[in-house]
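Let me begin by presenting the structure, written as structure tokens, before commenting on it.
Throughout, numbering of the chain's residues begins at 1 and tracks the sequence.
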Amino acid sequence: MLTELHIENIAVIEKADMEFRPGLTVLTGETGAGKSIIIDALSAVLGSRTSRDIVRSGTEKGTVSAVFESDCAEEWFKKNEIELEDEIIIQRRISADGKSSCRVCGNPVSVAQLRELGTLLLDIHGQNDGRLLMDESRHREYLDSFGELSEPLCAYKSAYSAYVSCKREIERLSMDEIEKARMADSLKYQIEELKNANLKIGEEDELSAKRDILRNYEKLTEAIDGAYNALYGADSSAAALTDEAAMLMNKAAFITDELRETAGIIENASALIYDASERIRDFRDSLEFSPEEYDNIESRLALLKKLRRKYNADEEGMLAHLDGCRKKLSELEYADDMLEKLEKQLEKHTENCRRAAAELTKCRKAAAKELEARITSELRDLSMPSARFAVAIEPIESKAGFGANGADEVRFLISANAGMELGRISKIASGGELSRIMLAMKTVFSKSDPIDTMVFDEIDTGVSGIAAQRVGEKMSDLSCGKQVLCITHLPQIAAIADSHALISKSERGGRTYTEVTELDRQGRRKELARLYGGDVVTDTTLAGAEEQLAAADKYKLTRQA
């Protein structure tokens, strides 16, 4: 449930704080006062795409903060490694340069993360939802969601995935003989080339190091010989001088124990010099320059470099490619046998798909009957007593008889008035009827929807009179199990609300300011009178407003009883 909303420097709103309670809350005000900005701010704080134009002119940044109480987001918090607190505090700052930052319970998150969280907390329904209702490609999703058909749908998708995988394998192996021969020749050439190369992992690095040694043979031997002579070979070598120093220091150590440790250090140094000298000598003995070996290394490196460029891989990658070529060649050579096996497997997968699709169709038809009855009942409550709602389920046009989502085309049909044939919603329903159909569907679908808060942005467009009163009553009924926020221009809906906020606009110092005021009983009565009669608020319109409020109270008491 949404409990608080703070808006600062968003469009014409300099600063606004709103508190929300359970039940139905309506927002009213003159056209252009900023009602829709409240919805835009809610959308922004829940991760919707925003423009820099939303920031109030003359300010550096706009801020929207919202506080929710909800049990629906526990998995999101675990997934994003954020500690879930009693309240979910969300903040989004939008800079005038278009940059934005988002925080959840003080933790920085991305807009994508915020958008994912937003879908768990609040559901916004605007006038565009009517267009979604007319989009027949979504009707199947509506039906599957209502019928809670995730289990048979998953079973079907699993069967369909195996079918598609098998079919792709058949298509991959199915080629004419000329193409098959061309591919076999190419694979054989690559196999022969890589096999003859006798590749070894790490060989190129090893050969490169050896080539560098041979390439610098003279400089290397000169340096090694000099080092060996300095350490051991010359008459006054480090080894000879260290041995002499060790002997003298040992004599001195017989005279005083203070020099015994020093004598030991010199002896260790002497041993290290001898060890280093032997290593240098052994390495020098292993060096042997052979022009033929150098040429062989250069030739081998040139071959490896050529293969690396050709196959765009190192030795390990080329060996993996060799294994892949052998596998593909084997598949080609036995393609006919494999195709025969795959064709038999495809028959099985096809049968599995048809069986799973038939079960899914059965479930959809059962859900469709219940959906028809429920929505027809809701439409009658919304002053459409002669309306008929039907779900048409027809086989899809496909060679296999099924597709990615089963074997069904699903389409919602409506007859808004007595004597009219059932037809497509886009062809039959007027604006006001479309609003009520949308509300009826939302009412039905919301009962299985875990989201606690629903927002309606002028979904009552095109509705008036008794129909408007019924829409208000339906929203009030819906608010018994959900928190409902509604922007409306209709007094019939405003009267039945549990809370009422007035959005007003004023000018000060040449700038426009929008304010949000929570109305008490007297304020509501005055606002209802304005909705009925415009600027002309008389005792008669005020009395009518009070009568409307009393009737709404009576309706809610009757419902509770």
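- Contact between Glu343 and Ile170 at its shortest, heavy atoms only, is OE2-CG2, 3.7 Å.
- For the ring-ring contact (aromatic ring centres under 6.0 Å, His included) test, no residue two or more places apart in sequence or in another chain qualifies with Phe68.
- With hydrogens and angles ignored, the 3.5 Å screen pairs a side-chain donor or acceptor of Arg115 with a backbone N or O of Gly47.
- When atom types are taken as modelled, the side chain of Thr361 and the backbone of Ala357 share a donor-acceptor pair closer than 3.5 angstrom.
- Here the closest heavy-atom approach between residue Met454 and residue Lys482 is recorded as SD-CG, 4.1 Å.
- With contacts defined as side-chain heavy-atom distances shorter than 4.5 Å, the pair Leu207/Leu304 qualifies.
- The shortest heavy-atom contact between Leu360 and Gly406 is CD2-CA, 4.2 Å.
- Defined by atom type and a distance below 3.5 Å, a donor-acceptor pair is present between the side-chain atoms of Ser186 and Gln190.
- With ring centers used as reference points, Tyr217 lies 6.0 Å or more from Tyr294.
- When all heavy atoms of Ile393 and Ala368 are compared, the pair lying nearest together is CD1-CB, 4.0 Å.
- Within a 6.0 Å radius of CD in Glu141, more than 12 heavy atoms belonging to other residues, nucleotides or ligands are found.
- Annotation for Glu222: atom CD does not count as buried by contact number, only 12 or fewer foreign heavy atoms lying within 6.0 Å.
- With values rounded to the nearest 0.5 angstrom, Cys102 atom SG is found 12.5 Å from Asn107 atom CG.
- Counting only N and O atoms by type, the side chains of Glu267 and Asn250 include a donor and acceptor under 3.5 Å apart.
- Ring pair Tyr142/Phe412 is tilted by interplanar angle, where 30° to 60° counts as tilted.
- With sequence neighbours left out, the side-chain hydrogen bond (donor to acceptor under 3.5 Å, both in side chains) criterion links Gln345 to no other residue.
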| Trace of the side-chain contact (heavy atoms from CB on, under 4.5 Å) decision for Asp40 with Ile10 | CA-CA 9 Å; Asp40 292 341; Ile10 297 294; 5.9 Å; no

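- Qualifying side chain to side chain contact (heavy atoms under 4.5 Å, CB included) partners for Ala239, counting only residues two or more places apart in sequence or in other chains: Tyr232, Ser237, Ile273, Tyr274.
- Environment of CG in Asn196: crowded, with over 12 heavy atoms of neighbouring residues, nucleotides or ligands closer than 6.0 Å.
- The number of heavy-atom neighbours closer than 6.0 Å to NZ of Lys310, taken from other residues, nucleotides and ligands shown, is above 12.
- Within the 4.5 Å cutoff, the side chain of Phe146 has no heavy atoms near those of the Met441 side chain.
- The distance from the CZ atom of Arg103 to the OG atom of Ser65 is 11.5 Å, given to the nearest 0.5 Å.
- Counting heavy-atom neighbours within 6.0 Å of Arg279 CZ, excluding the residue itself, gives a total of 12 or less.
- Without hydrogens or angle criteria, Ser43 side chain to Ile39 main chain gives a donor-acceptor distance under 3.5 Å.
- A distance of 5.5 Å separates CZ of Arg300 from CG of Leu303, quoted to the nearest 0.5 Å.
- Taking the side chain as every heavy atom from C-beta outward, Ser36 and Asp457 approach each other to under 4.5 Å.
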| task | Carefully, step by step, assess Leu42 and Val64 under the rule side-chain contact (heavy atoms from CB on, under 4.5 Å). | result | CA-CA 8 Å; Leu42 270 174; Val64 185; over 6 Å; no

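- By the 4.5 Å heavy-atom criterion applied to side chains, Glu292 and Asp295 are not counted as neighbours.
- Side-chain contact, Lys15 with Asn9: no donor N or O sits under 3.5 Å from an acceptor N or O.
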| message | Could you go through His139 and Leu143, starting from their C-alpha distance and side-chain angles, then the distance that decides it, and tell me whether this counts as side-chain contact (heavy atoms from CB on, under 4.5 Å)? | response | CA-CA 6 Å; His139 290 181; Leu143 177 62; over 6 Å; no

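- Although no hydrogens or angles enter the test, the distance criterion places no donor-acceptor pair under 3.5 Å between the side chain of Asp275 and the main chain of Ala271.
- Taken from OG in Ser208 to CD in Glu203, the straight-line distance is 10.0 Å, to the nearest 0.5 Å.
- Put simply, the side chain of Ser270 never gets that close to the backbone of Ile266: no donor and acceptor are under 3.5 Å apart.
- With a 4.5 Å cut-off on side-chain heavy atoms, Glu169 and Leu346 do not count as touching.
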| request: Report the C-alpha separation of Glu192 and Lys188 in whole Å, then their side-chain angles, then the decisive distance to 0.1 Å, and conclude whether the salt bridge (charged side-chain N to carboxylate O under 4.0 Å, His left out) test is met. | output: CA-CA 6 Å; Glu192 191 69 18; Lys188 286 176 182 176; over 6 Å; no

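- The pair Arg355-Glu359 does not count as a salt bridge, with every side-chain nitrogen at least 4.0 angstrom from each carboxylate oxygen.
- Taking all atoms of both residues into account, the shortest heavy-atom contact from Thr453 to Met1 is OG1-CA, 3.4 Å.
- Between Arg56 and Glu14 there is a side-chain heavy-atom pair separated by less than 4.5 Å.
- A 4.5 Å side-chain heavy-atom check between Glu394 and Arg411 finds at least one atom pair inside the cut-off.
- Atom CG of Asp452 and atom CG of Leu121 lie 8.5 Å apart (nearest 0.5 Å).
- In this structure Tyr311 satisfies the ring-ring contact (aromatic ring centres under 6.0 Å, His included) test together with His321, sequence neighbours excluded.
- The backbone N or O of Gly226 lies less than 3.5 Å from no partner atom in the side chain of Asn229, so there is not a single donor-acceptor pair.
- At most 12 heavy atoms of other shown residues, nucleotides or ligands fall within 6.0 angstrom of atom CG in Asp71.
- When side chains are defined from C-beta on, Ile38 counts as touching Ile13, because their heavy atoms get closer than 4.5 Å.
- The list of side-chain hydrogen bond (donor to acceptor under 3.5 Å, both in side chains) pairs with a residue in residues 75-88, not counting sequence neighbours, reads Lys79-Glu116, Asn80-Gln113.
- A side-chain donor from one of Glu8 and His6 sits under 3.5 Å from a side-chain acceptor of the other.
- A donor-acceptor pair is defined here as one N or O able to donate and one able to accept, closer than 3.5 Å; such a pair exists between the side chain of Ser70 and the backbone of Cys72.
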| query | Does the pair Arg364 and Asp144 meet the rule for a salt bridge (charged side-chain N to carboxylate O under 4.0 Å, His left out), with working shown? | reply | CA-CA 7 Å; Arg364 281 175 175 160; Asp144 289 350; 2.9 Å; yes

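- Tyr189 pairs by the ring-ring contact (aromatic ring centres under 6.0 Å, His included) definition with nothing, not counting sequence neighbours.
- Summarising the geometry of Val109 relative to Val104, their closest heavy-atom pair is CG2-CG2, 3.8 Å, with the distance given to 0.1 Å.
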| message | salt bridge (charged side-chain N to carboxylate O under 4.0 Å, His left out) for Arg140 and Asp408? Distances and angles first, verdict last. | response | CA-CA 8 Å; Arg140 178 194 53 77; Asp408 310 310; over 6 Å; no

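- When atom types are taken as modelled, the side chain of Gln483 and the backbone of Leu2 share a donor-acceptor pair closer than 3.5 angstrom.
- Between the Ser158 side chain and the Cys154 main chain, no donor and acceptor come within less than 3.5 Å of each other.
- The local environment of CD in Glu298 is crowded, with over 12 non-hydrogen atoms from other residues, nucleotides or ligands closer than 6.0 Å.
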